[in-house]
Amino acid sequence: MASIRLRLDHVVLIPRHKYTLYLTAPGLDGKAKLVLEFVLDGAVAGIQVGDIEFVKGKAEAEVVAPPTEGSGEIIVAVEAGSEHYEAGIPVAVGVPPSERLKVAFVWHHHQAPTLLPDGKPHSTWAVKHLTEGLYYNFTGGPYAIHLEIHRRHPEVRDVDHFSPSLLEAWNLVIEGVIDASPTARSLARRVIEELRALVASGRVEPLASVYAHTVQGYMLRLFESKGLGWFAEYLLEWELELGARIVERCLGVRPRGVWTPEMFWDQRLSEIYRRKGFEYTVLCDQHFAKAVGDKRSIYEPYVMRDTGLKVFFRDRQLSDWISFMGDPGSEYAADLEARRFIVALFERLRRHPGGVVVIALDGENWMFMPSAKRYAPYFLDRVYAYLEANSEYFETVTLSDVLGSIEPTRQIATIPWGSWVGLSASQWTGNERDELWEYVVTKLRWVAALLGSLPEPVRSKLSNDPQSPVYRALLASAIAIDSDFFWYAWKEPERTIIKSWADEAERVSKEELSKLEVVIEQGKRGSLVRFKSALDYPLRVTVECLSGEARFEIEIPPYGLTQIEMPCYEVAVKAPPVILAQAPKP
């Protein structure tokens with residue numbers, strides 16, 4: 001059987017309407033017999049028979065869509081003398097609905113923080129995936145390609161989470177802090193400028209997130225089990241504010257929505273997000289399946305009963321279709337795959353007219369993991385082209401667009417803990433990873449001690465001053481728990497990166513706390529504890545008898561001298577949860 005290729009500019013056809021089918025059969029010239037068979041929902045819905053003429057291997061045929069609605073394919077057979085050609089092309093047939101299907105692509109573009117504590121870069125992925133790639137019909141890497149696809153399809157709207165640490169890396173390239181070629185610097189500048197323009201036009205809605213890419217749900221549970229739950233929540237809120245500021249500075253608006261890294265949920269995130277002013281997030285249909293509340297389907301937004309946070313649940317089948325798709329292998333195969341994807345969307349339209357399909361996934365990894373997929377970007381290019389061509393059926397939207405037209409009324413009481421990996425923490429825990437988490441928690445106890453010793457409003461002021469040691473300690477803490485490092489924590493350089501930043505967080509915090517000199521002297525009936533501060537801000541510490549007789553919380557003023565008498569000999573001075581000084585019974 002000889003090969004033949006088919007092209008049809010629409011995927012979804014209006015019943016009884018005429019369309020032009022383009023056929024290509026290299027080497028075929030002259031008249032041939034043509035048979036078209038519509039197979040919809042597994043049954044033959046229509047047959048067309050006629051003659052067709054090929055000129056230099058190309059021909060056109062008029063196709064009339066059958067009156068039957070459904071999805072499937074057109075099977076085309078061509079007889080030319082002794083040669084037989086046969087091929088199929090995915091299609092759907094349906095009357096344009098009164099309410100189109102809302103299609104929300106949510107792209108999560110991310111790279112872990114690029115620098116080591118000494119200011120040197122440990123990797124170049126933020127630049128490589130901007131500039132490097134051998135993709136069909138595109139130049140540059142995945143991030144540049146994403147912007148190129150936007151240029152080609154001006155009618156498409158989507159949601160883009162460019163992680164704050166990725167945006168920061170591009171700014172470091174532009175500023176020359178990270179060494180890169182003039183081409184890379186120019187491209188980084190152009191990408192940020194284009195993203196800013198797309199955001200301003202409303203074609204792209206940006207999301208915020210924590211500064212680094214941590215598994216928030218696991219981190220909250222782990223730190224709580226170590227008595228550091230309050231510190232975990234503070235660190236996440238600090239990171240969310242930092243992340244939102246970076247996105248706003250780079251892209252011009254403060255995002256309404258927040259990306260949950262690895263979709264790793266914990267019920268406390270609902271309150272944390274709302275406290276930071278975020279209106280919605282996106283989770284997995286696995287979360288929806290085990291959520292408790294007034295549920296119908298994943299094709300509508302929900303609202304958390306206690307906090308008012310809006311939640312969208314992604315269609316995992318469609319999301320994974322792109323995430324884990326192999327390389328189509330050719331332009332034609334990529335086009336057919338795109339048509340199948342549109343047919344799958346049409347099936348959702350039939351079941352959920354006016355519904356919202358959320359397709360959420362990594363914005364770069366699907367193009368090159370586990371290996372480079374030369375034709376993958378062309379697949380998305382064709383998907384967007386077909387969405388534009390079939391605009392009677394589909395409407396690409398941002399999630400704010402959805403919330404502007406649909407007020408969620410169905411309430412969710414609880415959403416289960418866990419990530420997109422089977423609602424578990426398996427990808428970031430076990431063996432070496434558990435050892436590293438313990439290492440990090442031990443080091444970050446000193447950050448918690450410094451932070452917990454600061455009275456308000458001093459804590460807030462120092463936490464948000466980039467020149468402050470408190471800020472630097474928090475930043476080091478955030479980087480040390482980035483999930484991208486823990487994903488690969490069984491190898492180098494990730495193990496060293498984690499430990500380096502955890503060590504830095506401890507070093508900065510210890511250095512600050514060491515500026516409080518503590519002297520414990522023994523008296524006749526107890527102990528005298530003297531404090532001498534070399535800090536320019538007040539510090540609050542706890543002095544207690546180890547026997548439990550007495551416990552006092554005192555505040556040492558900036559550059560102050562303070563003392564307190566204790567009715568015991570066994571005395572400890574704490575910046576909870578660490579001990580700064582201790583005098584055992586003589």
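Seen from the ring of Phe288, Lys295 counts as a face-on cation partner, given the 6.0 Å and 45° thresholds. Cation-pi geometry between Arg221 and Trp417 is satisfied (NZ or CZ under 6.0 Å from the ring centre, within 45° of the ring normal). Both tests hold for Arg382 against Tyr386: distance to the six-membered ring centre under 6.0 Å, angle to the ring axis within 45°.
Using a 30° and 60° split on the angle between ring planes, Phe486 and Trp437 fall in the parallel class, below 30°. By the 30° and 60° cut-offs, the orientation of the rings of His150 relative to His146 is perpendicular.
Distance CG/Asn171 to CG/Leu166: 10.0 Å, rounded to 0.5 Å. His287 NE2 to Phe264 CZ: the interatomic distance, rounded to the nearest 0.5 Å, is 8.0 Å.
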**Request:** Output, in order, the C-alpha distance, side-chain angles, deciding distance and verdict of salt bridge (Lys or Arg N to Asp or Glu O under 4.0 Å) for Arg157 and Glu205.
**Result:** CA-CA 8 Å; Arg157 299 159 70 86; Glu205 178 181 10; over 6 Å; no
**Message:** Could you go through Thr131 and Tyr143, starting from their C-alpha distance and side-chain angles, then the distance that decides it, and tell me whether this counts as side chain to side chain donor-acceptor pair (under 3.5 Å)?
**Reply:** CA-CA 8 Å; Thr131 61; Tyr143 300 128; over 6 Å; no
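A side-chain N or O of Glu347 and one of Ser71 form a donor-acceptor pair less than 3.5 Å apart. If you check the side chains of Thr398 and Asp401, you find a donor sitting under 3.5 Å from an acceptor.
A salt bridge links Arg350 to Asp41: at least one charged side-chain nitrogen sits closer than 4.0 Å to a carboxylate oxygen. Asp285 and Arg316 are joined by a salt bridge, as a carboxylate oxygen and a charged side-chain nitrogen come within less than 4.0 angstrom of each other.
When side chains are defined from C-beta on, Glu233 counts as touching Leu220, because their heavy atoms get closer than 4.5 Å.
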